[in-house]
Student: 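Got a structure here, written out as structure tokens. Questions coming.
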Amino acid sequence: MSAADTGLRLRYHELKRALFDKYYSDLNERQREAVTTVNGPLLVLAGAGSGKTTVLVRRIVHIIKYGDAYNSDFVPPGVDEAALLRYRYALETMTPQEIGELVLPDFRVDACRPYQMLAITFTNKAAGEIKSRLAAALEGTDIEGGASEIWAGTFHSICMRILRRWGDLVGYERGFTVYDTDDTKRLISDCMKDLKIEEKALPVKTVMNVISRAKDRLLSPEQYEATAGGDYRGAKIAEIYKMYADRLMASNALDFDDIIMKTVELLSTHDEVRELYNRQFRYVSVDEYQDTNHAQFRLTSLLTGEHNNLMVVGDDDQSIYKFRGATIENILSFDREYDDVTVIKLEQNYRSTSTILGAANAIIAHNRGRHEKSLWCAGGEGAKIVLRELDNQNDEGKYIADKIEALVSGGSSQYRDFAVLYRMNAQSAPIEGAFAKAGMPYRMLGGMRFYDRKEIRDAVAYLSVIANPNDSVRLKRIINEPKRKIGATAVAAAEEIAAVEGCSLYDVLKDARRHMALSRAAASIEGFVQLIETLREFSAASSVAELIDRTLELSGYREMIAAGGETELDRLENLDQLIANAVEYAEDNEDASLTGFLEDVALVSEVDRYDETADAVVMMTIHSAKGLEFNTVFLPGMEEGVFPGQQSSFSPEELEEERRLAYVAVTRAKERVFITRTHNRMMYGQTRYNPPSRFISEIPPECVIDETPEAPRRAPETFGESAKRQRVPEPVYKNGAGVRVEVKKEAPPAEVFAPGTIVRHRTFGRGEVISVTKMGQDYMYEIIFDDVGTKKLMATYAKLTKES
DNA sequence: ATGGGGCTGCTTTTT
DNA sequence: GCAGCCCCAT
């Protein structure tokens with residue numbers, strides 16, 4: 001190679017990189033490095049708000065569009081001085097967009113097809129976010145297939161996709177069922193009864209947890225038994241685990257942990273399947289890597305294969321799921337696990353003010369055993385974090401409601417700028433009450449999920465049995481719901497027969513007349529089997545929505561609820577909502593099927609439906625807020641015993657996890673944080689005094705301002721007494737002249753609207769009154785609003801007007 | 001077989 | 001304080 005040639009090559013690469021750098025000028029240097037580092041293992045340690053999703057998405061797009069162009073030393077044959085001149089001209093005159101479209105494709109080396117990219121996340125919400133950002137980035141380009149061909153999804157959805165295709169290789173028949181936590185609990189509970197193990201001695205929750213942890217570690221029942229050693233408790237659990245696993249198999253069902261574990265089993269025992277995916281997925285990315293457990297680590301490495309083109313993104317400071325098996329080791333030892341790892345730290349925060357980051361940094365600095373990281377930002381100081389102590393939870397709720405109302409009526413904010421994040425769901429009630437009283441629009445996540453409602457679970461159980469009659473757990477759920485005279489004795493007898501004959505419960509039911517033990521219930525059982533068979537036939541040629549409707553009709557389920565009268569009205573509505581969901585599912589999926597719908601139901605959660613566009617204050621646990629951001633965040637219940645929680649104060653490890661949770665909480669806020677605590681808190685039916693949370697004192701004083709008015713505080717010795725007289729005295733305020741003035745309670749409204757009346761609310765708009773309940777002096781309305789759905793409002797505060 | 005009344009025990013949660 | 005479970009009475 002001549003010297004001139006070498007010079008040309010050097011200048012070519014220099015120009016190429018300069019063009020890429022200009023194209024990515026909206027990224028910071030670290031981010032750019034992450035996006036353009038394409039081959040080999042890559043660990044991105046991304047602090048809160050440092051744009052990690054942006055990096056993940058842009059890197060995938062980069063690989064699809066340009067491949068390894070940035071780092072490759074390949075020079076196309078035709079490059080000459082004239083070409084370099086054109087590139088220099090482009091660099092000086094073109095916008096970044098123009099460069100991306102017109103120039104950079106010249107440099108493409110080894111670019112990938114969309115279906116060769118695998119991106120794994122933890123939540124559906126994160127997966128949805130990545131998918132939509134990818135779609136936006138590839139829109140209007142000539143990339144064949146586009147974003148929809150990229151394999152982006154949760155660990156579970158990716159594994160399901162693989163298992164639906166290859167499940168028979170690890171023992172599952174087509175149409176297998178996914179058991180959720182409730183099904184799992186029932187099944188384990190059944191096993192324990194059959195093994196005559198007292199639930200008092202060994203709580204089901206514990207057993208569930210131990211089995212789940214064993215599955216995280218990829219231990220079969222036999223392997224688990226070996227680790228349990230001579231431990232009596234461990235031996236019992238091993239017995240239960242064995243029976244549980246057998247019954248899951250017999251029901252042609254998997255639990256959530258199996259979805260990962262069985263995929264790992266499939267890929268490690270079937271080389272041809274693994275090689276197929278290794279050839280397909282040339283690049284693998286994993287989000288929230290700090291939350292992966294051992295099974296997910298194995299899965300990732302099996303899917304990645306030999307090429308090691310694996311990017312993991314995470315933040316050890318945001319690891320808050322240790323309690324369910326996540327092991328921080330995965331991220332801490334990533335560079336030991338793989339050779340030649342590129343490590344990139346993203347520490348520039350684009351979300352919060354320096355005050356908020358100062359507080360967050362100071363809190364998390366109290367933890368040991370972490371990658372040293374410190375967030376910084378280019379933005380200003382912003383407002384100080386406000387501290388406030390209130391007397392009790394009702395006052396706390398009212399304080400939050402008042403603050404929000406004041407800031408909204410000030411005109412600078414909307415309701416959707418505010419979030420209330422709490423440690424546990426039990427804290428939500430008084431806050432919700434305060435919002436309802438103030439007539440403030442709010443949405444609450446968590447608590448009772450839609451698919452956890454009894455009527456929905458029952459309907460889904462019918463569908464599961466129609467799709468998979470071997471699903472005994474769900475069969476038992478609905479065999480006598482509505483009541484059809486097939487009681488526990490009959491079911492137990494049938495199960496006994498099934499165990500002896502080695503067939504499924506449903507097989508026994510089909511031949512009920514043959515068995516003496518079932519003679520009494522035989523007629524009812526035949527009716528039930530007939531019902532299921534009719535519905536099975538019907539399902540072959542109908543949509544899921546039609547099937548649900550027909551099922552509710554023929555089973556008498558709808559009739560049963562309707563007989564319950566007005567109070568059951570919302571349950572009927574929920575069932576209608578389920579049908580609506582099925583219609584929506586059919587619209588979204590070309591290959592809609594009953595099993596597909598059931599899979600959706602099993603894997604989709606409520607947080608996924610959180611709609612950021614509606615103008616309402618949002619309430620949720622800190623855990624579910626991870627990955628989200630809000631202008632202003634309220635953190636109620638910052639007290640020892642609540643946050644950090646009671647039992648974590650004993651273990652330094654759990655305390656660190658609580659502290660990471662506090663870090664997550666504070667870093668959700670862009671501009672303002674309000675931290676509140678109460679003097680008296682009702683917990684578990686007892687009033688307690690909790691000292692302020694240690695996390696408050698870990699925040700540097702210059703970041704906070706305490707707005708608690710200097711008031712004579714109740715002496716601690718009166719505490720026992722104050723617990724008894726919990727009733728809050730009537731509010732008494734002083735007017736300017738120092739005269740005490742009693743604030744009058746607002747009089748109940750003169751007019752009470754009857755159900756059926758069309759009314760208008762200041763914020764919620766038009767709606768119809770469904771029910772009116774007298775509550776003390778006041779009335780509570782339940783109203784379906786055209787825009788925001790059903791709300792419960794107090795008559796005094798709702799200020800409703802009749803709509804003509 | 002079913003429904004009501006007393007007892008316990010309690011984070012966080014995605015899938 | 002409340003929900004979910006077990007037992008007992010019908």
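Labels below follow one simple rule: chain letters A, B, ... track the order of the sequence lines, proteins then strands, and each chain is numbered from 1. Values reported hereafter were calculated over all heavy atoms of this structure, with side chains retained and with hydrogens, waters and symmetry mates removed.
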Student: From the set dT13(B), dT2(B), dT15(B), return the single nucleotide nearest to any side-chain atom of N480(A).
Tutor: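 For the N480(A) side chain, the nearest candidate turns out to be dT2(B).
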
Student: Are any of N425(A)'s side-chain N or O atoms less than 4.0 Å away from OP1 or OP2 of dC10(B)?
Tutor: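 No, outside the criterion.
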
Student: Regarding E654(A), tell me which of base, sugar-phosphate or nothing describes its non-hydrogen contacts under 4.0 Å with the strands shown.
Tutor: base

Student: When rounded to the nearest 0.5 angstrom, what distance separates OG in S212(A) from NZ in K205(A)?
Tutor: 12.5 Å

Student: I120(A) CD1 to dT15(B) P: how many Å, rounded?
Tutor: 15 Å

Student: Identify whether the glycosidic angle of dT12(B) places it syn (within 90° of 0) or anti.
Tutor: anti

Student: Is there, by distance only and without an angle test, a donor paired with an acceptor across the side chain of R423(A) and the base of dT11(B) below 3.5 Å?
Tutor: no

Student: I want to confirm an ordering. Mapping R484(A) and H156(A) to their closest nucleotides on DNA chain B, which one lands closer to the 5' end?
Tutor: R484(A)

Student: Could you tell me the separation between the CG atom of L661(A) and the C1' atom of dT13(B), rounded to a whole number of Å?
Tutor: 11 Å

Student: Between D183(A) and D180(A), is there a donor-acceptor pair closer than 3.5 Å when you use the side chain of the first and the backbone of the second?
Tutor: yes

Student: So that I can tick it off, tell me whether D291(A) and K626(A) are bridged by a salt bridge, with the cut-off set at under 4.0 angstrom between side-chain N and carboxylate O.
Tutor: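 A salt bridge is present here (some side-chain N lies under 4.0 Å from a carboxylate O).
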
Student: Side-chain N or O of T181(A) less than 4.0 angstrom from OP1 or OP2 on dT14(B)?
Tutor: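 No.
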
Student: With centres under 5.5 Å and planes under 30° as the test, does Y321(A) stack with dT12(B)?
Tutor: no

Student: Which part of the nucleic acid, if any, lies within contact of T489(A), taking any heavy atom under 4.0 Å across all strands shown: a base, the sugar-phosphate backbone alone, or nothing?
Tutor: sugar-phosphate

Student: Between the base of dT14(B) and the side chain of R324(A), is there a donor-acceptor distance below 3.5 Å?
Tutor: yes

Student: Provide, to the nearest angstrom, the distance between the CD atom belonging to E657(A) and the P atom belonging to dT12(B).
Tutor: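 Distance check: E657(A) CD to dT12(B) P gives 14 Å.
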
Student: In whole Å, I'd like the distance from the CD1 atom of I320(A) to the C1' atom of dT11(B).
Tutor: 13 Å

Student: If I take atom CG in residue D600(A) and atom P in nucleotide dT14(B), what distance separates them, rounded to the nearest angstrom?
Tutor: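 Checked: the CG to P distance equals 16 Å.
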
Student: Is the cationic atom of R186(A) (NZ for Lys, CZ for Arg) positioned less than 6.0 Å from the six-membered ring centroid of Y179(A) and within 45 degrees of its normal?
Tutor: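 No cation-pi geometry.
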
Student: What nucleic acid atoms does Q686(A) come within less than 4.0 Å of, heavy atoms only: base, sugar-phosphate, or nothing?
Tutor: nothing

Student: Could you work out the separation of dC5(C) and dT12(B) based on their C1' atoms and round it to a whole Å?
Tutor: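 Per the computed distance, 23 Å lies between those C1' atoms.
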
Student: Need one value for G487(A): base, sugar-phosphate or nothing, where a base atom within 4.0 Å counts as base even if backbone is also close, heavy atoms only.
Tutor: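 The residue G487(A) makes sugar-phosphate contact but no base contact.
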
Student: Looking across every strand, which nucleic acid part, if any, lies under 4.0 Å from F122(A) by heavy atom: base, sugar-phosphate, or nothing?
Tutor: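 Sugar-phosphate contact only.
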
Student: Would a distance-only check, ignoring hydrogens and angles, find a side-chain to backbone donor-acceptor pair under 3.5 Å from Q393(A) to R681(A)?
Tutor: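 Between the backbone of R681(A) and the side chain of Q393(A) there is no qualifying donor-acceptor contact (under 3.5 Å).
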
Student: Taking atom P of dG4(C) as reference, at what distance in whole Å does atom CZ of R453(A) sit?
Tutor: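 It works out to 12 Å between those atoms.
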
Student: dT12(B), dT15(B), dT13(B): which one has an atom nearest the side-chain heavy atoms of S624(A)?
Tutor: dT13(B)

Student: Hey, would you say the H623(A) and F323(A) ring centroids sit under 6.0 Å apart?
Tutor: yes

Student: Using atom CZ of F256(A) as one end and atom P of dT13(B) as the other, report the distance to the nearest whole Å.
Tutor: 15 Å

Student: Which comes earlier along DNA chain B counting from the 5' end, the contact point of K485(A) or that of F155(A), where each point is its nearest nucleotide?
Tutor: K485(A)

Student: Between dT14(B) atom C1' and D258(A) atom CG, what is the distance in whole Å?
Tutor: 16 Å

